[in-house]
Amino acid sequence: MNIFTNFTLVASLLALPFAAHAAQTNPAEQVVKYGNIEIHYNAMPTDELQPEVAKNYHIERSRNRGLLTIAVLRKNKLGVSEPVPAVITATVVNLNSQLAEIDMRKVKEGSAVYYLGEFRITPPDTLKFNVSAKPEGETRKYQAEFSRPFFQ
């Protein structure tokens, strides 16, 4: 896979539609905006990934595993959104109020920077995600909170 294909894949992962909720956000956009900072997010079962994609990103395909994708963008002086490295922390809570941390790993391909993390799913369930992002060069942390149902 070349860099453009990988970036296109991640962009499509982030754009997959699902019911989500986040403050200051249109749920269909799957983005939280804070001035010039944007946090794009998605969560999906890993069995929906193509086998080649899962292999390339070292992701276990399973209906009991989920993938959280995060990208942080900052608008430059011209108003163009550009990827920015960030410190990302993420947690997930299921309907039984069980909390788990999601280990996020940074992926950098060309100018693209995004973060991937896997988590456990026991369908049917609705998981609540809390993501904290501290973009490089910023002192503030930005939050994205959303829910995602997972069915069998």
Side-chain angles (χ1 to χ4, degrees), residues 1-93 100-121 126-150:
M1 267 188 186
N2 64 35
I3 291 172
F4 178 74
T5 304
N6 287 338
F7 184 73
T8 302
L9 162 72
V10 172
S12 66
L13 288 176
L14 290 169
L16 288 173
F18 61 81
H21 171 75
Q24 306 174 355
T25 300
N26 174 347
E29 289 185 51
Q30 301 177 90
V31 61
V32 180
K33 298 178 182 180
Y34 296 93
N36 68 338
I37 298 293
E38 299 177 358
I39 302 171
H40 294 256
Y41 57 85
N42 191 16
M44 63 183 290
T46 60
D47 66 346
E48 292 181 6
L49 294 171
Q50 294 295 321
E52 180 182 337
V53 171
K55 181 180 176 183
N56 286 340
Y57 286 92
H58 308 288
I59 297 169
E60 177 186 338
R61 293 181 74 239
S62 169
R63 70 181 199 134
N64 294 320
R65 303 279 303 161
L67 177 67
L68 176 64
T69 59
I70 303 293
V72 179
L73 304 177
R74 178 187 293 136
K75 289 187 180 177
N76 65 21
K77 292 178 183 181
L78 299 175
V80 177
S81 295
E82 299 176 330
V84 61
V87 175
I88 305 291
T89 58
T91 59
V92 61
V93 177
E101 290 187 27
I102 302 173
D103 290 328
M104 302 298 293
R105 61 184 164 100
K106 180 179 177 180
V107 177
K108 183 164 176 38
E109 296 171 337
S111 64
V113 179
Y114 48 93
Y115 300 84
L116 304 175
E118 293 180 66
F119 54 91
R120 184 152 190 71
I121 304 171
T126 297
L127 301 179
K128 294 181 182 178
F129 297 87
N130 186 327
V131 176
S132 174
K134 184 181 172 293
E136 187 175 81
E138 301 267 339
T139 57
R140 178 179 173 190
K141 289 182 182 179
Y142 299 90
Q143 301 294 317
E145 295 180 7
F146 64 98
S147 295
R148 162 71 155 90
F150 290 89

Residues forming a ring pair (Phe, Tyr, Trp, His ring centres under 6.0 Å) with Phe129, sequence neighbours excluded: Phe119, Phe146

Heavy-atom pair of closest approach, residues Pro51 and Arg61: CA-CD, 3.7 Å

Value rounded to 0.5 Å, distance of OG1 in Thr69 from OH in Tyr57: 10.5 Å

Polar side chain donor-acceptor pair, Thr91 to Glu101, under 3.5 angstrom: no

Lys55 NZ: over 12 foreign heavy atoms closer than 6.0 Å: no

For residues 71-78, dump all side-chain donor-acceptor pairs below 3.5 Å to protein atoms at least two apart in sequence or in another chain.
unit_1 : atom_1 : unit_2 : atom_2 : d
Arg74  : NH2    : Glu136 : O      : 2.6
Asn76  : OD1    : Leu78  : N      : 2.8
Asn76  : OD1    : Gly79  : N      : 3.1
Asn76  : OD1    : Val80  : N      : 3.0
Asn76  : ND2    : Glu82  : OE2    : 3.1

Gln143 side chain to Tyr34 side chain, donor-acceptor N/O pair below 3.5 angstrom: no

Spatial distance of atom OG (Ser132) from atom CD1 (Ile88) [nearest 0.5 Å]: 7.5 Å

Side-chain heavy-atom pair Met44, Leu49 within 4.5 angstrom cut-off: yes

Main-chain N/O of Val87 paired to Tyr115 side chain as donor or acceptor, under 3.5 Å: no

Closest heavy-atom pair and its distance - Ser111, Pro83: O-CG, 3.2 Å

Arg140 to Pro135 - nearest heavy-atom pair and separation: O-CD, 3.9 Å

Verdict with supporting geometry, Ser62 and Asp47, side-chain contact (heavy atoms from CB on, under 4.5 Å): CA-CA 5 Å; Ser62 169; Asp47 66 346; 5.7 Å; no

Rounded distance (nearest 0.5 Å) linking atom CG of Leu68 with atom CG of Asp103: 11.5 Å

Within 6.0 Å of NZ in Lys134, more than 12 heavy atoms from elsewhere: yes

Residues forming a side chain to side chain donor-acceptor pair (under 3.5 Å) with Asn64, sequence neighbours excluded: none

Closest non-hydrogen atom pair between Thr46 and Gly66, with its separation: CG2-C, 3.7 Å

Evaluation steps, side-chain contact (heavy atoms from CB on, under 4.5 Å), between Glu138 and Ile37: CA-CA 10 Å; Glu138 301 267 339; Ile37 298 293; 3.9 Å; yes

Gap separating the NZ atom of Lys33 from the CD1 atom of Ile39, nearest 0.5 angstrom: 12.5 Å

Steps toward side-chain contact (heavy atoms from CB on, under 4.5 Å) verdict (Glu118, Glu60): CA-CA 9 Å; Glu118 293 180 66; Glu60 177 186 338; 4.1 Å; yes

Ile121 to Pro45 - nearest heavy-atom pair and separation: CD1-CA, 4.1 Å

Residue pair Tyr114, Lys108: steps toward the side-chain contact (heavy atoms from CB on, under 4.5 Å) verdict: CA-CA 7 Å; Tyr114 48 93; Lys108 183 164 176 38; over 6 Å; no

Val113 vs Lys106 side-chain heavy atoms within contact, under 4.5 Å: yes

Interatomic distance, Ser81 atom OG to His40 atom NE2 [nearest 0.5 angstrom]: 6.0 Å

Over all atoms of both residues, closest heavy-atom pair of Arg148 and Ala43: NE-O, 3.0 Å

Straight-line distance of Leu67 CG to Glu48 CD, nearest 0.5 Å: 10.5 Å

